[in-house]
Protein chains: 4
Amino acid sequence: MPAPQPPVTPDRPTVRDGLPAAPESPDGTTARAKGRPRSAAADRAILDATREALAELGWGGLTMGHVATRAKVAKTTLYRRWPSKNELVVDAVASLFDELVMPDLGSLRADIEAVVSQFAALLARPETQAALLALFAEGTRDPQLRRRIREAIVDPQKRLVRQGRAAAQVRGELAPDCDETAACEEVDIIFDTIAGTVEHRVLVSGEPITAEWTRRFTDLLLGPFPSLVP
Amino acid sequence: MPAPQPPVTPDRPTVRDGLPAAPESPDGTTARAKGRPRSAAADRAILDATREALAELGWGGLTMGHVATRAKVAKTTLYRRWPSKNELVVDAVASLFDELVMPDLGSLRADIEAVVSQFAALLARPETQAALLALFAEGTRDPQLRRRIREAIVDPQKRLVRQGRAAAQVRGELAPDCDETAACEEVDIIFDTIAGTVEHRVLVSGEPITAEWTRRFTDLLLGPFPSLVP
Amino acid sequence: MPAPQPPVTPDRPTVRDGLPAAPESPDGTTARAKGRPRSAAADRAILDATREALAELGWGGLTMGHVATRAKVAKTTLYRRWPSKNELVVDAVASLFDELVMPDLGSLRADIEAVVSQFAALLARPETQAALLALFAEGTRDPQLRRRIREAIVDPQKRLVRQGRAAAQVRGELAPDCDETAACEEVDIIFDTIAGTVEHRVLVSGEPITAEWTRRFTDLLLGPFPSLVP
Amino acid sequence: MPAPQPPVTPDRPTVRDGLPAAPESPDGTTARAKGRPRSAAADRAILDATREALAELGWGGLTMGHVATRAKVAKTTLYRRWPSKNELVVDAVASLFDELVMPDLGSLRADIEAVVSQFAALLARPETQAALLALFAEGTRDPQLRRRIREAIVDPQKRLVRQGRAAAQVRGELAPDCDETAACEEVDIIFDTIAGTVEHRVLVSGEPITAEWTRRFTDLLLGPFPSLVP
DNA sequence: TAATAATCGAGACGGTACGTCTTGTCTTTGA
DNA sequence: TCAAAGACAAGACGTACCGTCTCGATTATTA
């Protein structure tokens with residue numbers, strides 16, 4: 001969700017600054033906003049500058065003024081789009097998480113290990129490392145921010161778990177869902193477990209995710225299905 | 001680990017500010033430091049003020065100046081003891097984690113569920129919530145701080161996993177350890193899983209830890225030992 | 001001098017924005033400009049808004065953006081006519097000074113007192129008070145602005161002194177001018193004295209111009225002509 | 001009135017920032033303020049920087065941040081002493097006016113001409129020119145500032161008129177005062193006339209104060225006493 | 001009637017200064 | 001020697017205006 005801004009990339013309207021982005025006229029066509037349209041180049045420059053600055057300076061060193069300077073943009077231009085550092089970083093980081101994919105390698109175990117590896121690699125990037133926990137920390141105090149983080153960063157990744165389950169069911173490794181609600185809860189619990197554990201290992205303990213560790217962790221996840229554990 | 005300060009509670013020297021706290025004379029008696037001794041009341045007031053301010057204002061709203069004012073202490077006195085907000089909060093929060101205990105309720109499942117509940121309750125407290133992820137976030141940029149966090153907050157809780165395993169082995173629920181190293185790694189992986197998952201559920205997803213959720217999560221943890229899953 | 005703008009009131013061309021306002025064709029008739037003509041209503045709305053804003057907010061509170069908003073006009077429209085706040089306020093205030101008149105009441109003393117009263121009343125108006133000294137202050141740094149202030153606001157009022165002298169000469173109160181240059185200098189000195197003194201009394205000392213004060217001040221001005229002092 | 005600040009030059013307490021500057025203990029001795037005393041060097045550097053910046057950049061170009069930078073002082077240090085540009089400039093300019101003196105040259109005419117010349121020279125200095133009218137303009141909107149300007153800059157100069165009158169009375173050029181109140185009002189009117197007229201001539205008309213002009217203006221002032229006009 | 005051209009509104013743009021806040025250090029007096 | 005009080009330099013904060021620009025829409029004259 002790379003923070004598109006209305007008149008420039010009107011494909012997917014966001015509520016980035018709380019205002020309707022692309023007002024529609026009654027006939028359904030996208031109404032042209034009045035006044036000078038916002039610069040798409042500025043949007044891109046700002047998000048790029050944010051990611052660079054995160055990687056170089058970390059969360060604490062990231063300053064709105066610094067981002068503006070680095071993006072060669074006025075501070076007003078920055079604040080017009082994102083009301084604070086938090087929202088800016090959410091958008092800047094969200095796109096990184098869209099790179100994660102469910103590969104479908106032919107076995108549930110292989111798929112899990114691949115996703116864990118991808119996630120570990122993502123968490124090893126300095127911009128992710130600098131931003132993720134700090135955002136989560138801010139989210140604990142600001143429910144609206146937490147919702148934004150979940151919508152833009154966290155929840156979209158649950159698709160990986162759902163896709164993996166579906167593929168395993170097609171392959172016959174897992175039984176088909178009988179109860180929709182229970183399936184949903186199981187997706188949640190699996191997702192929280194994978195995400196939380198890998199984050200804790202990498203970001204808190206500060207230890208690497210090796211192939212061996214991934215194998216053992218996958219053993220744990222597959223525990224309820226002994227037939228899948230070698 | 002309530003951040004004792006040397007001349008006052010000389011039972012366990014800390015490295016709080018990098019200096020040996022209670023120098024010992026050659027004859028083994030604790031040497032009296034020169035000059036006016038530091039006030040023990042100030043230490044307590046500072047840590048209490050820190051916890052209160054964390055609960056009220058969150059991590060971002062917590063400032064050294066504010067803590068000093070609230071503790072009715074000069075800023076100099078504060079900085080003389082803790083070099084920065086990070087270290088101060090580590091000490092202020094660490095003691096809260098010492099409240100966690102392994103109850104030994106007669107079954108591994110019951111023990112796990114009890115510990116998860118305790119941890120969830122701890123994470124529900126505003127001061128913990130405000131501080132924990134913020135500290136972890138700071139730790140990703142400052143290896144020394146990360147070490148301090150692990151030593152004071154995270155690693156001590158691994159005892160819970162070890163105690164739980166030992167009790168289960170005594171009860172015959174788990175086989176005795178054969179390989180010491182493997183056992184250690186298993187403790188680590190279990191710990192990261194419990195800690196990370198519960199943190200993610202509470203602090204990121206912002207959803208409560210219910211008895212039902214705890215049961216399902218324990219099912220997952222006990223997956224490799226089907227005999228323990230009802 | 002109510003800031004006429006060329007195509008609308010082409011009677012007296014101004015140099016308001018440095019460009020020839022109403023280009024003349026070779027045959028002497030005023031050539032009609034191409035394109036959409038400037039709105040006369042906008043001019044009036046802007047000057048009215050400027051005077052109102054001056055009275056309400058003072059010089060410092062007056063901003064171009066604010067004037068544009070209050071006049072329901074785009075900022076571009078404002079800047080197209082007046083290059084800066086200074087020029088705008090000169091035109092907005094100048095017309096107020098045109099209200100001053102030399103009454104010819106039958107004696108020099110009465111005429112002087114009448115003019116002083118009128119001037120004091122003008123200086124008591126909030127828009128004048130807010131603008132006059134601020135314009136003079138700006139003028140000390142910008143010779144072109146000072147010239148514009150003199151041409152539009154200050155010098156035109158010297159007619160009052162000249163008219164009063166002429167009337168007194170007709171009445172025989174004053175001797176006729178012998179030296180043209182000396183007469184001019186005397187007009188200047190009298191004008192600077194009246195204008196400066198009243199301004200200082202009202203705007204700096206902040207004390208009112210009473211009838212008693214006016215009488216005493218007129219005594220001073222008439223000092224060189226004892227026969228006129230009662 | 002060079003803006004002394006309490007613990008440094010405790011001779012004359014000011015109300016510069018509204019707080020009692022040098023609190024006195026009951027026994028009349030000046031109580032020592034707690035904490036680190038304010039730097040006298042900073043005061044001097046700030047006022048010097050203000051005067052320099054006024055001369056170079058004018059009132060509009062004078063910035064609190066600029067003054068702080070030029071004085072090699074933090075902005076907080078500046079704001080701790082003077083709440084705004086207005087108050088700062090009052091203090092920076094006030095001292096310049098203390099240089100004016102009544103010379104007592106043996107005749108009222110000579111004394112008046114000498115004071116007018118001094119005042120004209122003062123108004124010709126760029127820092128005075130930049131500041132004076134701007135301060136007066138601000139004063140029209142802020143009664144407290146106007147009072148401050150009068151107390152620090154304007155009213156102290158009335159001593160010149162009083163001294164001149166007294167000397168002339170000693171010399172027998174003027175009759176002794178009979179009515180105290182009337183004398184006071186006459187001082188006021190004379191002062192407003194001299195100050196206002198010279199200011200208007202120099203700052204508004206922008207024309208120089210020549211010896212010839214001074215002679216003619218003095219003629220006007222001495223009008224009521226024909227015996228003193230040559 | 002159509003083309004042309006300057007106007008209009010709206011609002012985004014890069015800049016600059018604002019006055020406040022926090023940080024971590026320093027400099028006093030007093031205990 | 002420490003405690004308290006508060007001054008100090010440094011620098012980020014988010015806001016307000018500045019004067020310019022880029023739009024689409026409007027309103028005149030000219031062809």
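As a basis for the values below, the full set of heavy atoms in this structure was taken, side chains included, without hydrogen atoms, waters or symmetry mates. Fair warning: this is a prediction, and the values are worked out from it, not measured in the lab.
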Novice: When you measure from the side chain of T63(A) to the backbone N and O of H66(A), does any donor-acceptor pair fall under 3.5 Å?
Specialist: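 Flag not set: sc T63(A) to bb H66(A) has no pair under 3.5 Å.
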Novice: Can you work out whether A71(A) or S84(D) has the more 5'-proximal nearest nucleotide on DNA chain E?
Specialist: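 The answer here is A71(A).
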Novice: H66(B) NE2 to dT23(E) P: how many Å, rounded?
Specialist: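 Distance, rounded to whole Å: 11 Å.
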Novice: Whole angstroms only, please: what is the CG-P distance between L78(B) and dG6(F)?
Specialist: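 Result: 17 Å.
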Novice: In residues 58-65 of chain D, which ones come under 4.0 Å of DNA chain E, going by heavy atoms?
Specialist: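 T63(D), M64(D), G65(D) - these, ordered by number, are the residues of the stretch whose heavy atoms sit under 4.0 Å from the strand.
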Novice: Within the pair R80(D) and dC8(F), is there a side-chain N or O less than 4.0 Å away from OP1 or OP2?
Specialist: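 For R80(D), the contact criterion (side-chain N or O under 4.0 Å from OP1 or OP2 of dC8(F)) is met.
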Novice: Considering every strand and a 4.0 Å limit on heavy-atom distances, what is the contact class for K72(A): base, sugar-phosphate, or nothing?
Specialist: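 Sugar-phosphate: the residue K72(A), judged by heavy atoms under 4.0 Å, touches backbone atoms but no base.
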Novice: If I take atom NZ in residue K34(A) and atom P in nucleotide dA25(F), what distance separates them, rounded to the nearest angstrom?
Specialist: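 Going from NZ in K34(A) over to P in dA25(F) covers 10 Å.
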Novice: Please check the phosphate of dA4(F) (OP1 and OP2 only) for any side-chain N or O of T77(B) closer than 4.0 Å.
Specialist: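 Affirmative; the distance criterion is met.
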Novice: How would you label the contact of T76(D) with the nucleic acid (heavy atoms, under 4.0 Å): base, sugar-phosphate, or nothing?
Specialist: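 T76(D): base contact, heavy atoms under 4.0 Å.
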Novice: May I have the distance from R36(D) (atom CZ) to dA5(F) (atom P), rounded to whole angstrom?
Specialist: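 Computing the R36(D):CZ to dA5(F):P distance gives 17 Å.
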Novice: When you measure from the side chain of Y79(D), which nucleotide among dC18(E), dT28(E), dC8(F) comes out closest?
Specialist: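 Nearest listed nucleotide: dC18(E).
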Novice: From dT23(E), dA10(E), dG14(E), pick the nucleotide closest to the side chain of A74(C)?
Specialist: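 My answer, after comparing the listed nucleotides, is dA10(E).
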Novice: D91(C) and salt bridge (charged side-chain N to carboxylate O under 4.0 Å, His left out): which single residue from R44(C), R148(C), R51(C) fits?
Specialist: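 Exactly one option meets the salt bridge (charged side-chain N to carboxylate O under 4.0 Å, His left out) with D91(C), and it is R148(C).
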Novice: Distance check: side-chain N/O of R38(C) vs OP1/OP2 of dT7(E), anything under 4.0 Å?
Specialist: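 Looking at the OP1 and OP2 atoms of dT7(E), one of them is under 4.0 Å from a side-chain N or O of R38(C).
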Novice: Provide, to the nearest angstrom, the distance between the CD1 atom belonging to I46(A) and the P atom belonging to dA12(E).
Specialist: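 One finds 13 Å between P of dA12(E) and CD1 of I46(A), rounded.
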Novice: OP1 or OP2 of dC13(E) sitting under 4.0 Å from any side-chain N/O of R81(A)?
Specialist: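 Looking at the OP1 and OP2 atoms of dC13(E), one of them is under 4.0 Å from a side-chain N or O of R81(A).
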Novice: Does V73(B) or A42(D) map to a spot on DNA chain F nearer the 5' end, using the closest nucleotide for each?
Specialist: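 In this pair, the answer is V73(B).
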Novice: Do you know the tightest heavy-atom contact between A49(B) and V67(B)?
Specialist: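 Residues A49(B) and V67(B), closest heavy atoms: CB-O, 4.0 Å.
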Novice: Confirm from the modelled atom types if K75(A) and dG15(E) form a donor-acceptor pair under 3.5 Å, side chain to base only.
Specialist: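 Looking at the base of dG15(E), it does not pair with any donor or acceptor on the side chain of K75(A) (distance under 3.5 Å).
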Novice: Indicate yes or no for a side-chain donor-acceptor contact from R141(C) to the backbone of A130(D) under 3.5 Å, with no hydrogens or angles considered.
Specialist: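 Side chain of R141(C) to backbone of A130(D): no pair is present.
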Novice: Working to the nearest 0.5 Å, report the span between CZ of R81(C) and CG of D43(C).
Specialist: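 Nearest 0.5 Å value for the CZ-CG distance: 4.5 Å.
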Novice: Any side-chain heavy atom of W82(C) within less than 4.5 Å of one from V89(C)?
Specialist: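 Counting from C-beta outward, W82(C) and V89(C) never come under 4.5 Å.
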Novice: Counting distance only, does the side-chain N/O of K85(C) pair as donor-acceptor with the main-chain N or O of L62(C) below 3.5 Å?
Specialist: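 Between the backbone of L62(C) and the side chain of K85(C) there is a qualifying donor-acceptor contact (under 3.5 Å).
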